[in-house]
Amino acid sequence: MRTRVIASATAVLGLLLAVPASAAGAGPGAPGIGDPYYPTYGNGGYDVSHYDLNLRYQPATDTLTGTTTITATATQGLTSFDLDFALTVSKVTVDGRPAAFATSGEQELVVTPAHPIGRGRRITVAVTYSGVPSTVQRYGFTSWQRTPDGGVAANEPESAWWWFPSNDHPLDKASYDVRVAVPAGDQAISNGLLLSQHTGDGWTSFHWQQTKPQATYLATLAVGHFDITHSRTKTGIPVINAYSPDLGANEANARASVERTAEIVDFLSGYFGPYPFDSAGGYVPNVPSHFSLEAQTRVFYSPATFSKGVNTSVVAHELAHQWYGDDVSLARWSDIWLNEGFASYAQWLWAEHEHTGTPQDLARQVYDAHPADDPFWTVEPGDPGPQNQFDDAVYDRGAVAIQALRDTIGDRAFLTLLRVWPAQHRYGNATIADFRRLAEKLSGQDLGGFFQTWLYTAAKPAAFPAG
Ligand SMILES: [Zn+2]
């Protein structure tokens, strides 16, 4: 859902209008949600509240089949609407009636219901499909990684296309039920809590549930053999971690890092406020990639992350995203600094806790390491462009900017800001402009010049504020 306010306002509107079935003025929903970086991502005309996935995955052939049922509310009269998806669809129904469907562009699935949908109406869309996701490429890549014994969906900004149809943009967050049947003896890992696990006829069905709003790219699925561990944070949040048993030399370091999840959640809660979800954890599948992703409540870690030793810094980064990115999600992909700047800064807070450096010293090191003519400074963290969205500068310059902000507004306002931000936008979306407004309110300072210099200028800031 976009925000609680908008969702309830839409519901009220629906009641008041009592929209007729004819839905006068209805038209097609837009094929994109309006993101300047990714014009075709997400869609217009409806707002999803829940995804219910009922899938079956055969690791031997990398075959994924099943039905995803979407509960949504029309935000305009609709003659048709788009979903984002890349596997092969065999059937679509809207409120139980067969609907026409066609593919368009790279990942658009255009659904035309038997009758137009009135604005404010709640609809149920069921999509039945199958595919071999590792073989399906969009824009020249697949976000589905094969492992020796299964497959994994985890990527940013898009991974949903390879396993469920969706309104694929962080603006439209929703709750999830994910049911996946896998051959008996295998496990399926996803977000949230495991509600049940049943075995019969040679298949085991896992039912995972995410009750809090979750962006589509933060939904994750892994199937294969996993060793699953359980612990709890100090406040009792269940921590569920999973490790592929074939990580080889990386296994010991992976476990020594990820098993500190509860401790690091407790540490970060001291800065960011109460942990926003009802479970935490991570998983390490045997994938060849080198990145990690802050999948909501269940972080994805590539084994290579731990190839040089214990790496609790990356765990602190991904867990910081649970507040900065997952709880409060960006409104447009150009707001990526709100995710990566803060998650990187959290690594420095953790370093201070571990006595390996202070945020002030680590920020100074990054500032000094890049001379003024280094292309590093040509990336504007506040608007890096889609090609530089995950550039080092978004992370490192972005984190230096946060230390500079701390030095500018003082510890008291800064530490309040770190806590108030997640509380103010809990389970919603926000922009850098929203963040600036809050920082100005809490500090009583005009920060227009500061944000211009540190986030929106393609040059090295002339001075680094003294701590
Ligand atoms: Zn990150």
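Just follow the structure's listing: the first ligand is 1, and inside any ligand the first atom is 1. Position 1 is the first residue of the sequence; numbering continues from there. These numbers were taken from a predicted model, which means no experiment stands behind them.
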Would [X] and [Y] count as a close aromatic pair, with their ring centres under 6.0 Å?
| X | Y | value |
| --- | --- | --- |
| Trp163 | Tyr176 | no |
| Phe435 | Phe342 | yes |
| Phe291 | Phe300 | yes |

Margin query: Applying ring-ring contact (aromatic ring centres under 6.0 Å, His included) as the test, list every pair that has at least one member in residues 219-258; sequence neighbours left out.
Written below: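 The answer is none; no pair qualifies.
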
Notebook entry, point to check: Quick one: salt bridge (Lys or Arg N to Asp or Glu O under 4.0 Å) partners of Asp327, sequence neighbours excluded?
Noted result: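 With neighbours one apart ignored, the set is Arg426.
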
Output a table of donor-acceptor pairs, distance under 3.5 Å, between side-chain atoms of residues 380-392 and any protein atom two or more places apart or on a different chain; print 'none' if there are none.
from   : atom 1 : to     : atom 2 : distance (Å)
Asp383 : OD1    : Tyr37  : OH     : 2.4
Gln389 : OE1    : Tyr38  : OH     : 2.5
Asp391 : OD1    : Ala393 : N      : 2.8

Next item on the list: Could you please tell me which protein N, O or S atoms lie under 2.8 Å from the Zn ion (ligand 1)?
Entry: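 As for protein N, O or S atoms lying under 2.8 Å from the Zn ion (ligand 1), they are His317 NE2, His321 NE2, Glu340 OE1.
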
